[in-house]
Amino acid sequence: MEKAINKAKLVLPGAVCGDIIGSAYEWYRVKYTDFDIFTPQSRFTDDTVCSIAIADALLRGKPFDTNLQSWCRKYPAAGYGGYFRRWIQSSTPKPYNSWGNGSAMRVSSIGAYAESIDEVLQLAEASAAVTHNHPEGIKGAQATALAIYLALTGCSKKEIKQSLESRFGYDLSRSYCAIQPEYSFEVSCQKSVPEAIIAFLEGWDYESVVRMAVAYGGDADTQAAIAGGIAAAYYGEIPESILNVCMTILPNDMKMVINNFNVLLESGRK
């Protein structure tokens, strides 16, 4: 099945907007969905920097590891974890067996770029394995990218759910209302990626999905980036009131990558 290109062009912005919306609530956590969508603390974080780095690597045919290092060194105050910060500065970067959700938050562009399920899985693993080579880190990246790819090829939520459950063993039959009240901050792929996907499955548009992801009261920016990329692929829309504000927050070099990446998608990678 062919991908919906107009929807694909919203995937990377969908992840970025999720990150920016969630950024104010990563440490000031909320357990309700009617929070202010933007606050004076809203900013892009490491989720956006890394997402842009992966998209730029695909765009220019660069290695994932060197491109991640280059972009992250350019934006050193974006909020990186300790192990990843050391990896950024290393002259000989090696994967450090991480199962953290950093592999999943940066992978949205792969779901938009890949032209087959096999390519989704291969590229997602390659993008994760430069740092997050633990099986759960790879699984989180693959599940996120595959959900985006399936959404772009017209799969229903039921089909996406069944595919992810059968391939990755995630329990996506749990309800948001059963998880959310007791959920707390969690950085592992295995305890944050399925929950972000469940927010997508139970939401009804882009904004509701992102609000639900943030209102877990967990790793808000990362879970909203993951869920936001999937929701943008599925619904093919981001409210202009959200997208316009987020684009004003991004520096020009990041906006240029988004624009050039979308030109590549339109060209069919030819």
Side-chain angles (χ1 to χ4, degrees), residues 11-12 14-16 18-19 45-72 78-88 90 92-151 163-164 167-170 186-197 200 219 221-230 233 257 261:
V11 167
L12 182 54
V16 169
D19 172 45
T45 77
D46 57 330
D47 302 49
T48 289
V49 179
C50 292
S51 294
I52 293 293
I54 295 299
D56 185 51
L58 295 171
L59 181 64
R60 299 194 295 139
K62 297 292 185 180
F64 291 127
D65 54 357
T66 56
N67 226 46
L68 278 165
Q69 282 193 312
S70 176
W71 276 94
C72 294
Y80 309 105
Y83 285 110
F84 187 68
R85 190 181 303 112
R86 288 191 287 274
W87 181 90
I88 292 166
S90 174
T92 56
K94 303 294 183 184
Y96 46 92
N97 202 38
S98 176
W99 34 250
N101 55 21
S103 62
M105 57 79 158
R106 67 196 189 205
V107 79
S108 59
S109 60
I110 287 174
Y113 174 88
E115 296 183 335
S116 68
I117 289 177
D118 286 345
E119 188 178 23
V120 170
L121 299 175
Q122 183 272 319
L123 287 174
E125 178 174 2
S127 73
V130 296
T131 51
H132 295 56
N133 57 327
H134 188 283
E136 290 293 345
I138 291 170
K139 182 194 293 186
Q142 289 180 322
T144 302
L146 182 58
I148 290 168
Y149 177 84
L150 293 175
S163 178
L164 299 184
R167 188 178 292 272
F168 302 109
Y170 286 158
E186 178 60 63
V187 300
S188 71
C189 273
Q190 55 268 43
K191 294 183 180 179
S192 62
V193 174
E195 287 74 15
I197 295 168
F200 155 69
D219 191 356
D221 55 338
T222 294
Q223 288 185 289
I226 293 167
I230 303 170
V257 170
F261 185 72

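What you see below is based on every heavy atom in this structure, not just the backbone, and it leaves out hydrogens, waters and symmetry mates.
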- Between W87 and K94, is a side chain to side chain contact (heavy atoms under 4.5 Å, CB included) present by the stated rule, with each step listed? CA-CA 7 Å; W87 181 90; K94 303 294 183 184; 5.7 Å; no
Note: A129 and P95 closest approach over all heavy atoms is O-CB, 3.2 Å
Query raised in the report: Can you find a pair of side-chain heavy atoms, one from D19 and one from T222, that are under 4.5 Å apart?
Result: no
Pairing donors with acceptors under 3.5 angstrom, does anything connect the side chains of S192 and D219? no
Looking only at heavy atoms, the pair that brings V107 and A141 closest together is CG1-O, 3.6 Å
What one should report as the nearest heavy-atom pair of V257 and A55 is CG1-CB, 4.2 Å
**Asked** Are side-chain heavy atoms of S51 and L12 found at a separation under 4.5 Å?
**Response** yes
For F64 and A57, the nearest pair of non-hydrogen atoms, with its separation, is CD2-CB, 3.8 Å
Contacts of E186 meeting salt bridge (charged side-chain N to carboxylate O under 4.0 Å, His left out) (sequence neighbours excluded), chain-then-number -> none
Closest heavy-atom pair, A143 versus L164, reported as atoms and distance to 0.1 Å, is O-CD2, 3.7 Å
Partner of R106 under side-chain contact (heavy atoms from CB on, under 4.5 Å), picked from I226, N101, I54, is I54
Of all heavy-atom pairs linking Y149 and E115, the shortest is OH-O, 3.6 Å
For Y80, the ring pair (Phe, Tyr, Trp, His ring centres under 6.0 Å) test, sequence neighbours excluded, returns F84
Next on the checklist: Looking only at side-chain N and O atoms, does S116 offer a donor or acceptor that is under 3.5 Å from a partner on D118?
Outcome noted: no
**Study point:** Side-chain touch D46/M105, heavy atoms, less than 4.5 angstrom
**Key:** yes
Rounded to the nearest 0.5 angstrom, the CZ-CG distance for F168 and L146 is 5.5 Å
For side chain to side chain contact (heavy atoms under 4.5 Å, CB included), just list the numbers for E125 and L121, CA-CA rounded to whole Å, side-chain angles, deciding distance to a tenth of an Å, and then say yes or no. CA-CA 6 Å; E125 178 174 2; L121 299 175; over 6 Å; no
- Query: Is any side-chain heavy atom of P93 closer than 4.5 Å to a side-chain heavy atom of Q69?
  - Reply: yes
- Task: Give the C-alpha distance, both sets of side-chain angles, the deciding distance and a yes or no for side chain to side chain contact (heavy atoms under 4.5 Å, CB included) between T131 and S103.
- Result: CA-CA 8 Å; T131 51; S103 62; 5.8 Å; no
Can you tell me if Y96 has over 12 outside heavy atoms packed within less than 6.0 Å of its OH? yes
Would L58 and S109 count as a side chain to side chain contact (heavy atoms under 4.5 Å, CB included) here? Give the steps.
CA-CA 8 Å; L58 295 171; S109 60; 3.6 Å; yes
#### Entry: Any side-chain heavy-atom pair of W99 and Q190 under 4.5 Å
yes
